[in-house]
Amino acid sequence: MCGAGGNIARGALLTLLLLLGPLVVVLDRLDAVGELTLFVLAAVALIPLSWLIGEATDNLARHTGPGIGGFLNATFGNAPELIIAIIAVSGGLAAIVRASLVGSIASNLLLVLGFTLLVGQRGSIDRPSAYISLGLVGFTTVVALAAAAPGFQGDPDRRSLARLSLPVAVLLLVVGVTVTRYALRRQWQLFRPAEPEGTGWSLPAALVVLGAATIATAFVSETLVGALQTFAYTAHLSEFFVAFVIVAIVGNATEHGSAVLLARRGRVKLATEIPLASSAQIAGLVIPLVALISWGLTPLALSFRPIELAAMALAAALPALVLRTGRTTRLGGAILLAAYSALAVAAYLSGDP
């Protein structure tokens, strides 16, 4: 009885916290509170939304399999990042866009995956699927170097670099779509003989909840990022550090929460698919899409800084080593978290260009 009472109380608390999301958006539109207060409220509001997306993903994966379930979670989770990046591009914040996108890849593959391996139960992963995702991130790193190298000297946002980035973005998008299509077809073929697990939510219900929670997350994330500049100024942090670390972590809040939640439940294969699929989508789909869409606003040059290229390379290579056996280990999680901590320190010390 106590257990049932505890579950009811926990459910009621989460329901109340879910109402915090709309409240935060209303407070932001009415300018009813200060930005620091708004920042804290928005951060808290993302917690129950992460839980709800994790629940929807867990139930969705029972119908589609862990690979497609992780892909859909990553897709819905990356939608706010795409929206935020386009808004930032329209405001001429090119350096912040580049830093936040690379920071998202690093936080997914080092921070989120690290926590997932560290706190989750032991289990096996889909190693071919993991290496497909990591390979796409590695390919993006190499191709982006061609567009970024001329920007190491002079203005990294000059129009000639934006023009050079255009064919690079097209190539990345073509490869990203091709790889994603192959990965989804492979996952569907692997899972097709199986039956849906358990008696959870129906497939339409899981999709509706996932979509609604993602829309709410997009609004709350926009509010939180809008309050970040005040936070950065108050904390005396560089814009690069705020974009690379804080905005990236906030933008991936849903993936962070749902992956760790699922890992704790023993859904290790699904939990690891979420950060891997999310990073692959950012590298192969979100980055080129933002670059192409920016030509209707303010052309964005893919002139990543050396520290950003190094971060992408590390984020692709280190998880490949940690996951080479196809089994999860707490040591591997600790290694990824240590690497992310080192990157965060490097971002703090490097400051703005």
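A donor-acceptor pair is defined here as one N or O able to donate and one able to accept, closer than 3.5 Å; such a pair exists between the side chain of Asn108 and the backbone of Ser104. For the pair Ser278 (side chain) and Pro275 (backbone), a donor-acceptor distance under 3.5 Å is absent.
Seen from the ring of Phe240, Arg305 counts as a face-on cation partner, given the 6.0 Å and 45° thresholds.
In this structure, CE on Met312 lies 11.5 Å from CG on Leu109, to the nearest 0.5 angstrom.
Of all heavy-atom pairs between Gly332 and Val322, the closest is CA-CG1, 3.5 Å. Taking all atoms of both residues into account, the shortest heavy-atom contact from Leu161 to Ser303 is CD1-CB, 4.2 Å. Looking at every heavy atom in both residues, Ala162 comes nearest to Ala301 through N-CB, 3.7 Å. Between Tyr131 and Arg324, the shortest heavy-atom contact is OH-CA, 3.3 Å. The two residues Val220 and Ala45 make their nearest non-hydrogen contact at CG1-CB, 4.1 Å.
For Pro128, the side chain to side chain contact (heavy atoms under 4.5 Å, CB included) criterion is met by Asp126, Arg186, not counting sequence neighbours. The side chain to side chain contact (heavy atoms under 4.5 Å, CB included) check on Thr329 picks up Leu331, with sequence neighbours excluded. Residues that satisfy the side chain to side chain contact (heavy atoms under 4.5 Å, CB included) test with Ala339, not counting sequence neighbours, are Leu110, Leu314, Leu318. For Arg163, the side chain to side chain contact (heavy atoms under 4.5 Å, CB included) partners are Arg159, Ser160, Trp295, not counting sequence neighbours.
When the side chains of ILVMFWY residues are joined at heavy-atom separations under 4.5 Å, either directly or via intervening members, Val208 and Phe219 end up in two distinct hydrophobic clusters. Cluster annotation: Val97 and Ile307 are assigned to the same hydrophobic cluster (Ile/Leu/Val/Met/Phe/Trp/Tyr, side-chain heavy-atom contacts under 4.5 Å, transitive).
For residues 83-107, the set of pairs meeting the salt bridge (Lys or Arg N to Asp or Glu O under 4.0 Å) definition, not counting sequence neighbours, comprises Arg98-Asp157. Within the structure, ring-ring contact (aromatic ring centres under 6.0 Å, His included) pairs that include any residue of residues 299-351 comprise Phe241-Tyr348 (at least two apart or interchain).
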Self-check item: side chain to side chain contact (heavy atoms under 4.5 Å, CB included) assessment of Leu323 paired with Leu113
Solution: CA-CA 11 Å; Leu323 299 175; Leu113 186 58; 4.1 Å; yes

Self-check item: Check against side chain to side chain contact (heavy atoms under 4.5 Å, CB included), Ile287 and Ile105
Solution: CA-CA 11 Å; Ile287 287 178; Ile105 293 174; 4.2 Å; yes

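With side-chain heavy atoms closer than 4.5 Å counting as contact, directly or through intermediates, the hydrophobic cluster containing Val26 also holds Leu30.
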Without placing hydrogens or testing angles, list every side-chain donor-acceptor pair under 3.5 Å for residues 170-179, not counting sequence neighbours.
unit_1: Thr178; atom_1: OG1; unit_2: Val174; atom_2: O; d: 2.8

Which side-chain N or O atoms in residues 132-149 pair as donor and acceptor under 3.5 Å with protein atoms at least two apart or in another chain?
unit_1: Ser133; atom_1: OG; unit_2: Ser129; atom_2: O; d: 3.4
unit_1: Thr140; atom_1: OG1; unit_2: Leu136; atom_2: O; d: 3.0
unit_1: Thr140; atom_1: OG1; unit_2: Ala283; atom_2: O; d: 3.3
unit_1: Thr141; atom_1: OG1; unit_2: Val137; atom_2: O; d: 2.9

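Looking only at side-chain heavy atoms (C-beta outward), Ile246 and Leu237 come within less than 4.5 Å of each other. A 4.5 Å side-chain heavy-atom check between Leu117 and Thr272 finds at least one atom pair inside the cut-off.
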